[in-house]
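Encoded as structure tokens, the structure appears first; notes follow it.
Because the structure is predicted, anything quoted here is derived from the model rather than measured. All values below were derived from every heavy atom in this structure, side-chain atoms included, with hydrogens, water molecules and symmetry-related copies excluded. Per chain, numbering begins at 1; letters A, B, ... match sequence-line order.
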There are 2 protein chains.
Amino acid sequence: MTEQPAPTTTAGDPATARGEQTRQLIRDTAMRLFRERGYAQTTMRAIAQEAGVAVGNAYYYFGSKDHLIQEFYAQSQVEHRAAAQPVLDREESFGARLGGVLHAGIDVLTPSHEFAATFFKTAAEPTSPLSPFSAESSGPREAAIALFAEVLDGSTAKVDADLRPQLPELLWLAYMGVVLYWVHDRSPGQTKTRQLIDGVVPLIDRLTALSRLRVLRPVTRQVLDLIRTLRH
Amino acid sequence: MTEQPAPTTTAGDPATARGEQTRQLIRDTAMRLFRERGYAQTTMRAIAQEAGVAVGNAYYYFGSKDHLIQEFYAQSQVEHRAAAQPVLDREESFGARLGGVLHAGIDVLTPSHEFAATFFKTAAEPTSPLSPFSAESSGPREAAIALFAEVLDGSTAKVDADLRPQLPELLWLAYMGVVLYWVHDRSPGQTKTRQLIDGVVPLIDRLTALSRLRVLRPVTRQVLDLIRTLRH
DNA sequence: GTCGGTAGTTGAACGCGTTCAAGAGGAGCG
DNA sequence: CGCTCCTCTTGAACGCGTTCAACTACCGAC
């Protein structure tokens, strides 16, 4: 408000237009209210009022109330990546890296558990741009998959050569499963989800190791063939 | 309307009260409109108008628009059970029984693919009574699990003794996974889902058989322990 | 028969997400 | 300085799901 207009761009961001401040203001206000009151209890009118703009103005920047969720989604992914860094620096074994990264993901999401629960409803709709499988979410999704590629690449694990290129995406899928469980997890502090991670990580560790075993080779092939078939 | 009141009950149904006809009328009208126009495009006003009742009357029988979905859910389960009967009568091998029952489930759902897609959004919300894991859905859920128990019991399959009691619920869970894939399946006629079933059934078949193998015994135990831990 | 109570029914009203025609503000140009 | 154009902003209005106070119809009791 009292700030001078700043000649065309504020920082090194080339996308910064005139209304960029308003965009961020609305986004931040929305995120705060979502966390404070929950998704359903936060009205677009309340967001606009708290941000000091008109209702329609929010719709100039965000196509719908649901689109505000996508901001949360993208933001969480960035925080997840940052929270995972120490783990990736510290750990060498596949299991420790995977477990650490999964726990880091839940760490980041934990403050928003209640709110995230209601928003996953929207994310589950296939036609929604919010679906983690949708084209609109490809940015955060690929960043997440890349994170799991780092988990694998930096580890000492030995994996079946055919399985290896598919594994990062499968790990991401497993992470989505963990998040799905977490969303439904009613246990205090979501302890069960932590147990799920601690239980499923050695399992994945073991299975990836076993994938090189001769007896299981046909099964491994069967799985990989199926995945290739179902690829879009 | 022109029907005589019928002394307290119509048939052998003890729950048949005065308004039971209205209830069924509203439900059937809603189901029809959902299929014709989709969930979001069907308004409560339209349902009421087509059924020839007031809007508020629909809310006397169904707590919300979402609750109408639960009717669909329950109805689908009954149809699934009926469609599975021939398979259970005919097939003896575990794989054929499981595959047949999974295909039967998708068969039943297929006419409602578009509508079901939007309604799964609501089902995914943990707080919703529509969630397949919720207490309110326990009826259809347990019926579905019982169906998969029949798949197993009537088959010639030999399964690890510790795994066996858990398997029906796991198979139901796998079915939920298939349905989740089906909901997102954009391929014409949902062919990919059919491929998923055909691919995943021999896999499950193989894995259950392998569960008795000595090398895999520790893994089997690990999985079962985890499941027991995560049970509510 | 009539009278009370419950089950069933009504539709106007509320708050919500969303739309849109109208306007405000500033940059570039003559 | 005035004009134009484009970005940004406004708030009333729309249709939706949902609520609720009021009303009606019918059954059992007396």
* To do: Evaluate the criterion side chain to side chain contact (heavy atoms under 4.5 Å, CB included) for residue pair A:Leu226 and A:Leu230; output intermediate values, then yes/no.
  => CA-CA 6 Å; A:Leu226 182 57; A:Leu230 299 179; 4.0 Å; yes
I'd like a table of atom pairs between the protein and nucleotides 20-22 of chain D - only N or O on both sides, under 3.5 Å - with the distance next to each one.
none

Report, one pair per line, the protein and nucleotides 22-24 of chain C atoms (nitrogen or oxygen only) whose separation is under 3.5 Å.
none

* **ring-ring contact (aromatic ring centres under 6.0 Å, His included) contacts in which one or both residues fall within residues 36-67 of chain B, not counting sequence neighbours** => B:Phe34-B:Tyr39
* Report which part of the nucleic acid B:Val53 touches: base, sugar-phosphate, or nothing (heavy-atom distance under 4.0 Å, all strands). => sugar-phosphate
* Is there side-chain contact between B:Leu163 and B:Leu170, with heavy atoms separated by less than 4.5 Å? -> yes
* Asked: Can you list every side chain to side chain donor-acceptor pair (under 3.5 Å) pair that touches residues 97-112 of chain A, not counting sequence neighbours?
  -> A:Arg35-A:Ser112, A:His103-A:Arg194, A:His103-A:Asp198, A:Asp107-A:Arg194
* Heavy-atom contacts under 4.0 Å between residues 62-75 of chain A and DNA chain C, which residues? -> A:Ser64, A:Lys65
* **Nearest-angstrom distance from the residue atom CD of B:Gln21 to C1' of D:dA25** => 15 Å
* **Separation of atom OH in A:Tyr60 from atom P in C:dC20, rounded to whole Å** => 16 Å
* To do: Not counting sequence neighbours, list each pair that qualifies as a salt bridge (charged side-chain N to carboxylate O under 4.0 Å, His left out) and has a residue in residues 64-80 of chain A.
  => A:Arg23-A:Glu71, A:Arg27-A:Glu71
* To do: Indicate yes or no: does A:Glu169 engage A:Arg231 in a salt bridge with an N to O separation below 4.0 Å.
  => yes
* To do: Report yes if the side chains of A:Leu98 and A:Leu102 come closer than 4.5 Å at any heavy-atom pair, otherwise no.
  => yes
* To do: Would you please name every residue forming a side chain to side chain donor-acceptor pair (under 3.5 Å) with A:Glu91, sequence neighbours left out?
  => none
* **Rounded interatomic separation in angstrom, taking CG from A:Leu25 and C1' from D:dC8** => 14 Å
* Partners of B:Arg81 by salt bridge (charged side-chain N to carboxylate O under 4.0 Å, His left out), sequence neighbours excluded? -> B:Glu150
* Report the relative orientation of the aromatic rings in A:Phe148 and A:His80; use parallel for angles under 30°, tilted for 30 to 60°, perpendicular for over 60°. => perpendicular
* Partners meeting side chain to side chain donor-acceptor pair (under 3.5 Å) with A:Gln190 (sequence neighbours left out) -> A:His113
* Residue-phosphate contact under 4.0 Å: A:Thr22 side-chain N/O, D:dT9 OP1/OP2 -> yes
Under 3.5 Å donor-acceptor pairs involving side-chain atoms of residues 42-50 of chain B, not counting sequence neighbours:
residue, atom, partner, partner atom, Å
B:Thr42, OG1, B:Leu33, O, 3.2
B:Thr42, OG1, B:Gly38, O, 2.6
B:Thr43, OG1, B:Ala46, N, 2.9
B:Glu50, OE1, B:Arg32, NH2, 2.8

* Could you check which residues of residues 34-49 of chain B get a heavy atom under 4.0 Å from DNA chain D? Sort them by number, please. => B:Thr42, B:Thr43, B:Met44, B:Arg45
* Structure fact -> Hits for salt bridge (charged side-chain N to carboxylate O under 4.0 Å, His left out) against B:Asp225, two or more places apart or cross-chain, chain-then-number order -> B:Arg228
